[in-house]
Amino acid sequence: MQFNEFRRPVSVDFAPSGSRCEWCGKPAERQLTAIGGTYHNESGTFCRSCGEQFAQAVINSIAMTTITPGLENF
């Protein structure tokens, strides 16, 4: 999968002013929206460390749902 401005597994925006991280309650830095995988279109506001964990979960879910043609039986 390409990771560029138009095809990313997670869309990154600034969190609204005063937002809190949905996982730990610290001040949020980013609003992240999952693109693809089992988390498709789920979004939330996150601090830096929780946002990195969310992005990794999305990437892992995409990797688990992608099957390379010809390798279905392995």
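Position 1 is the first residue of the sequence, and the numbers go up from there.
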Practice task
Compare every heavy atom of Val10 with every heavy atom of Ala55, then report the nearest pair and how far apart it is.
Solution key: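 For Ala55 and Val10, the tightest heavy-atom pair comes out as CA-CG2, 3.8 Å.
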Practice task
Of all the heavy-atom pairs spanning Ala15 and Thr45, show the shortest one and how long it is.
Solution key: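 Taking every non-hydrogen atom into account, CB-CG2, 4.2 Å.
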Problem - Same apolar cluster: Phe46 and Val12, side chain cutoff 4.5 Å - result: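 Yes.
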Handout entry: Full working for side-chain contact (heavy atoms from CB on, under 4.5 Å) between Trp23 and Gln53
Key = CA-CA 10 Å; Trp23 286 2; Gln53 292 175 31; 3.8 Å; yes
Practice task
May I have all residue pairs that pass salt bridge (Lys or Arg N to Asp or Glu O under 4.0 Å) and include part of residues 9-29, sequence neighbours excluded?
Solution key: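 Only Glu29-Arg48 qualify under salt bridge (Lys or Arg N to Asp or Glu O under 4.0 Å).
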Handout entry: Gln31 side chain near Pro16 side chain, heavy-atom distance below 4.5 Å
Key = yes
Practice task
Measure the shortest side-chain to side-chain distance between Leu32 and Ser11 over non-hydrogen atoms and say whether it is less than 4.5 angstrom.
Solution key: no
Exercise for the section: Tell me, please, which residues at least two apart from Ser49 pass side chain to side chain contact (heavy atoms under 4.5 Å, CB included). Expected result: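 Listed in chain order: Cys47.
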Practice task
Report the residues that fulfil side-chain hydrogen bond (donor to acceptor under 3.5 Å, both in side chains) with Gln56, sequence neighbours left out, ordered by chain and then residue number.
Solution key: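 Testing Gln56 for side-chain hydrogen bond (donor to acceptor under 3.5 Å, both in side chains), a comparison that skips the adjacent residues, returns Asn60.
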